[in-house]
Each structure stands twice: as C-alpha cells, then as structure tokens.
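Predicted, not measured: the structure shown is a model, and the values here were computed from it. Whatever order the structure lists them in is the order used to number ligands and atoms, beginning at 1.
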Amino acid sequence: MGKKTTHKFKAEVSQLLDILVHSLYTNKEIFLRELISNASDALEKARFKTQASGETDELAPEIRVTVDADAKTLTVTDTGVGMTRDELMRNIGTIAHSGTAELAKLAEQGKESLDSLIGRFGVGFYSVYMVADEVTVTTKSMDADARPIVWTSDGRTDYKLQELDEDRPHGTEITVSLKEDLASQFTNEAHLKHVVKTHSNFINFPIYVGGERVNTIQALWREPKFQIKAEQYAEFYKFLTFDSEDPFDTLHTSVDAPVQFNALMFIPRHGNDPFGLGRENRGLDLYVRRVLIEKQNKDLLPEYLGFIKGVVDTEDLPLNISRETLQDNLLMRKISSTLVKQVLDHLAKMAKDDADRYNEFWRAHGELFKAGYMDFLNKDKFAGLVRFNSSSLDDDKGLTSLADYIARAKEDQKEIYYAYGPSREALALSPHLEVFRRKHVEVLYLFEPIDEFVMDALREYEGCALVSAEHADMAKLDKFESMEKEDKPEPLSDEQKTELDKLLARMKDVLGDAVTEVKASTRLSESPVCLANPDGNVTSSMDKIMRVMSKDTSIPKKILEINPDHALIRNMLAILEKDENDPFIDQAANQLYESALLLEGYLTDPHALVGRVQDLLTKSSSWYVASGK
Ligand code: ADP
Ligand code: MG
C-alpha cells in the first residue's frame with residue numbers, strides 16, 4: 001500500500017457540501033443519476049481515447065450498481081477512463097476550478113440564488129453526500145503509467161488519498177456508505193431499478209443493477225436519422241406515450257446553432273381533449289446528455305402545440321439545473337423558439353406536399369392548434385396553417401386554407417368573408433349570407449367560437465382583409481354580378497317609395513327602443529328582414545360570447561333591415577296605402593322582428609310570437625275558406 005495522505009477540501013467545497021447536504025436537493029435519489037452520468041461520461045472518454053489510439057479496449061463498457069445490505073453500502077462501478085491522482089485532486093477536491101468569490105456570496109444569499117449558481121459548477125458528485133456518511137472512490141486511469149488510487153472522505157473537511165499496490169483494470173468504483181436511515185431504501189434492488197429507469201433510462205451504456213440490465217431502450221433521438229427505421233420510431237413513441245397506435249407523424253431534428261439540441265417529436269393520431277383532463281398532459285421531456293431533467297416540460301412548446309409528444313436533449317445545459325432556473329433560462333427560450341419554428345415549418349411542408357394528410361392532422365389537432373392565434377411572433381406561419389369549412393366546399397368535412405380561398409376569389413375581391421354559425425345548414429339559410437349566395441362570393445364557415453378570435457387576431461391575410469359577412473360593406477359587393485336568376489318584382493314606383501319611407505317610420509314606431517333603426521336593405525333577396533349590428537366591429541356571435549361572460553341577458557339593440565322586394569313587404573306597402581292605421585302592420589312588424597331575433601338566437605320568450613302566429617294562421621285560413629279555393 002502507498003502512503004496515506006490527508007488533504008483539506010478547498011474552503012468553498014466544504015461550505016458547499018454543507019449546503020448541499022442540507023438543502024439543495026429535496027429528492028435524494030438523484031445522487032444515483034449524478035454518479036451514473038459521471039460513469040457514462042467516463043465511458044465516453046474511454047471510447048474516445050481507445051479510438052484515437054487505434055487500439056482495442058478489452059473491457060466491455062458498462063456501469064454496474066451493486067449493494068451490500070449488511071454493510072449498508074451501494075457501489076457504482078464503471079469501466080471508463082478513470083482518474084490519475086492529479087485528476088482526482090483537481091476534479092473531486094475542488095469545485096470546477098473557479099468561482100471562489102461567487103461561492104462566498106452564495107452562502108449569504110441562501111438557496112434561491114444558490115440553485116442558479118450550482119448549475120455553473122460541476123457539483124454533481126457531491127450530491128452523494130445527501131445519502132452518504134462516507135464515500136470511497138477507487139480509480140485507475142487509462143494513462144499508461146497510472147497507478148490505482150483510493151480517495152475517501154466523510155464529506156466534511158478533508159479527504160484521504162492512498163495509492164494501491166495491486167494493479168486493477170481502468171475505471172472507477174464508488175462505494176457509498178449509506179446513512180443509517182436511508183440504508184434500507186438504497187440497498188433495495190427493486191427500488192434502485194426504478195430509480196435508474198426513471199432518471200437514467202437512456203444512458204448509452206448498459207447499466208446493471210444486481211446483475212440485471214435495466215436500461216433497454218435506445219436514446220433514439222441521439223442516433224443519426226438515416227439509420228432509424230419507422231418501426232423503431234413507432235416503438236419509441238409507444239414507450240413514451242403509452243399510445244397503442246403508431247404515431248401519425250415523426251419529426252426528428254438536430255440543431256447546432258444558436259443552441260445545441262436534439263429533438264424527437266411525434267404527432268399522435270388523435271387529440272386528447274385539450275381543454276379538459278388532457279390539458280396538463282402535455283410537454284416535451286427534457287434531457288441533458290441523456291439524463292432526464294424534467295418530464296413534460298411546459299416551457300419548450302406553447303400550449304397550442306401541446307398535441308406534440310417527444311423529447312429534447314441538449315448538451316448546453318448543466319445537469320443539475322433547477323426547475324425554477326429552467327423557466328427563465330435564455331437557452332431554454334432559444335431552444336423553444338427554434339422548436340416552434342421547426343414544428344410550424346414541418347406542418348407547412350406537410351400541407352404543401354399532401355393536403356389530404358394535412359387535413360387529417362387538422363381534424364385531430366386543429367381545435368387546439370387554433371389557440372395559436374395568440375402567438376404573434378409566428379402570426380404569418382400560423383395564418384398559413386389554419387383551415388376552415390366554407391360555402392364553396394361540398395360538406396362540413398371539407399377544409400380550405402386562406403390561400404386557397406384567395407385563389408378562388410373573384411377578380412378584384414380584396415376581402416375574405418366569414419360567418420359564424422352552429423352548422424353548415426344554418427349558415428346556408430342565414431339571411432346575412434343571401435347576397436353572398438346570390439353573387440357566388442365564397443364565405444368561410446366558422447363553427448367554433450374560437451374561430452372568430454382567430455379572425456380577429458389575424459385581421460388580414462396576404463393583403464386581403466378578413467371581414468365578417470355580417471359587416472360586409474355592400475358597396476364592395478356591388479361590383480360582383482348576381483349569378484342566380486332572380487324574379488325581382490317591378491322596381492318601386494315613386495309613390496311606393498314614399499309609402500316605403502312611411503312603412504319604415506311606422507315600423508320603427510311600433511318597435512320603439514327595441515331597434516336602433518329600421519331601414520331598407522340591399523343584402524336580402526329571399527328573406528323579408530334581418531337584423532344588423534349598429535356597431536360594425538363586433539359580430540353577433542362575438543357579442544353573444546361577451547354577453548355570456550358579462551352575464552348580460554338583455555336583448556341587444558340592432559338595426560332591422562327590410563327587403564323592399566319581398567312579397568310580404570310589398571303587401572304591407574299596399575295595406576298601408578289603403579289605411580295608415582291598419583293594425584296588421586303592427587302585428588307584422590312585431591312578428592318580423594321577433595322571427596329575426598329567433599334566428600339570431602336572442603328570443604327568450606316565444607309566447608307572444610306563437611300567439612301572433614296562431615292569430616295570423618286563423619285569419620288566413622278564414623280568408624282561404626271564404627275565397628272558396
Ligand atoms: P461534472 O460531471 O459536471 O463535471 P461532477 O461533480 O459530477 O461534475 O464530477 C466532477 C468531475 O469528476 C468530472 O468532471 C470528472 O472529471 C470526474 N469524475 C467524476 N466521476 C468520475 C468517474 N466515474 N470516472 C472518471 N471521472 C469522474
Ligand atoms: Mg457529473
């Protein structure tokens with residue numbers, strides 16, 4: 001045996017050890033993660049050395065975790081590069097060779113700032129003192145003339161070094177004498193296997209716990225793309241998500257600048273109720289050099305891309321970064337913005353190459369994706385990816401992009417029109433859309449309340465304004481010819497025009513404050529009346545959402561628009577001409593107004609309306625009988 005020498009830790013080390021043991025990690029089991037990751041680094045270095053020298057290493061690269069329950073020890077062994085005496089003193093006797101001044105400060109500032117500082121020093125090894133009374137490191141470097149050496153310390157003030165006489169293969173063996181109260185937990189092999197699977201499942205070298213290999217799944221994201229088969233991706237995806245089906249799509253990337261990371265992302269076939277229970281079930285797993293840092297990290301991708309499952313692995317973050325630090329980490333933000341761009345570009349490519357496939361994606365995840373209207377930084381990309389049903393499509397399964405709408409639009413059409421409704425059938429009957437139907441001007445059909453928020457946020461696409469059909473400027477539609485045969489009645493005579501003015505005034509009288517105005521309409525062809533918003537900014541559906549939110553149950557005051565060419569209105573003109581005070585006008589005015597309310601979904605009490613309908617039916621059936629037809 002060589003001489004045993006005692007060395008004091010650098011002052012900052014003992015200070016740090018003290019803090020570490022008492023406060024840094026609440027989760028004690030991560031010491032194993034740190035030891036295994038060091039072993040993995042050492043194996044990586046050994047492989048590199050062997051390759052560089054052109055020789056072969058007769059030792060198989062591996063990591064072994066063994067326990068001795070009676071002795072209350074846990075040992076981690078690797079066949080890695082090992083350490084020389086100098087390296088031992090430098091690596092484990094000092095903290096990352098720097099930062100003395102900062103460390104002095106950190107003790108005063110307490111845990112919060114400590115966490116962020118810790119990440120900048122290599123302190124992983126010392127976490128072992130959360131569970132250890134004493135640690136023994138036996139190591140032999142791969143260097144040609146290196147001697148095996150033993151390091152021991154209780155992690156307080158000093159450590160002892162001693163050279164061994166008998167030679168041993170290169171590598172490192174770390175024996176942890178467990179604290180009394182933790183011994184049973186960390187000598188339990190089943191528990192250790194679980195810990196290794198949780199934190200170190202993707203380490204590139206075999207890890208054995210009590211002789212059994214624990215990590216069996218490859219860290220696929222680190223492998224070159226061209227070597228990976230679709231089945232391997234599918235297997236990994238199922239392992240990750242517990243989905244029983246193959247993924248719909250796979251996105252595997254490797255980025256070097258502005259940050260280094262690998263990402264393997266999947267789009268599942270089905271969405272999972274993004275606004276209900278599934279909401280929290282999102283996020284990418286974050287790894288630092290194959291070691292799991294956080295499952296389902298919520299900062300890497302925004303909520304609207306929450307359908308994406310997968311992992312991100314970076315070399316650029318320190319292993320022992322805390323979650324709080326992650327959140328406002330500049331590097332994380334760079335990774336995130338790069339990821340978002342990649343996902344959006346990937347989707348754009350899918351849409352361009354295979355529209356049917358993209359539509360399939362949209363049907364599964366479009367609802368969640370639409371929340372991306374809040375991502376102003378990526379507004380243009382987002383706008384290119386949204387899809388809607390429309391009046392030009394055959395059924396409610398059809399989808400169009402804004403670009404395709406523009407491609408189909410009329411010459412000179414500088415607006416993209418949309419309307420919200422409960423269904424295609426309802427929109428096909430909406431009086432507001434009559435003019436669009438007549439002139440064959442396409443209208444996007446919006447079925448979800450969020451669609452209007454999307455339109456509001458986007459405002460325009462490729463120079464075309466997004467306009468609610470309800471607010472369309474009729475003058476802008478004048479230039480488009482009607483495409484339908486219309487049996488328009490004779491235009492109004494001058495006399496009739498005067499009567500029309502009287503009728504409008506009379507109806508306003510009857511309806512009073514219920515409407516802001518009664519006026520002649522240019523948009524109607526089949527319907528006698530419709531309601532329009534006096535405030536041209538808020539659509540009726542948006543208005544409804546706001547009313548629900550503010551618990552406003554009153555009926556909004558709107559403009560009643562009258563179709564002067566409708567047979568009923570012409571009849572009313574004739575009646576008015578005969579007798580200015582005919583009560584039928586009152587009845588019809590109320591009836592038309594309430595029917596319009598009913599169509600817009602505002603009529604809360606149908607009694608008056610139903611009573612009037614019955615009265616009118618009774619009268620008209622009497623006339624029918626009297627006329628002898
Ligand atoms: P980090 O891994 O971030 O460098 P650690 O405190 O975990 O910080 O380890 C400190 C250093 O000790 C490592 O950089 C490495 O040089 C050395 N080391 C630790 N464990 C081993 C090991 N099993 N084999 C070889 N060297 C090791
Ligand atoms: Mg380490």
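At a cut-off of 2.8 Å, S37 does not coordinate the Mg ion (ligand 2) through any N, O or S atom.
Side-chain N/O atoms of H7 and T5 include a donor and acceptor closer than 3.5 Å.
Across D313, D316, D41, a single residue satisfies salt bridge (charged side-chain N to carboxylate O under 4.0 Å, His left out) together with R289, and that is D41.
Under the 30°/60° scheme for interplanar angles, the aromatic rings of W362 and F369 are found to stand perpendicular. Classified by interplanar angle (parallel below 30°, tilted 30° to 60°, perpendicular above 60°), the ring pair Y129/F125 is perpendicular.
Using a 4.0 Å cutoff on heavy atoms, M83 counts as a contact of ligand 1.
Ligand 1 has no nitrogen or oxygen under 3.5 angstrom from a nitrogen or oxygen of V81. Considering backbone and side-chain atoms alike, N38 places an N or O below 3.5 Å from some N or O of ligand 1. Taking distance alone, with nitrogen or oxygen atoms compared against 3.5 Å, Y126 stays at or beyond that limit from ligand 1. For ligand 1, the polar-atom distance check against D41 finds no nitrogen or oxygen pair separated by under 3.5 Å.
Side-chain contact between D285 and Q296: present, with at least one pair of heavy atoms (C-beta onward) separated by less than 4.5 Å.
In this structure, R363 does not pair ionically with E360, as no charged nitrogen and carboxylate oxygen lie closer than 4.0 Å.
In L35, neither the side chain nor the backbone holds a heavy atom less than 4.0 Å from any atom of ligand 1.
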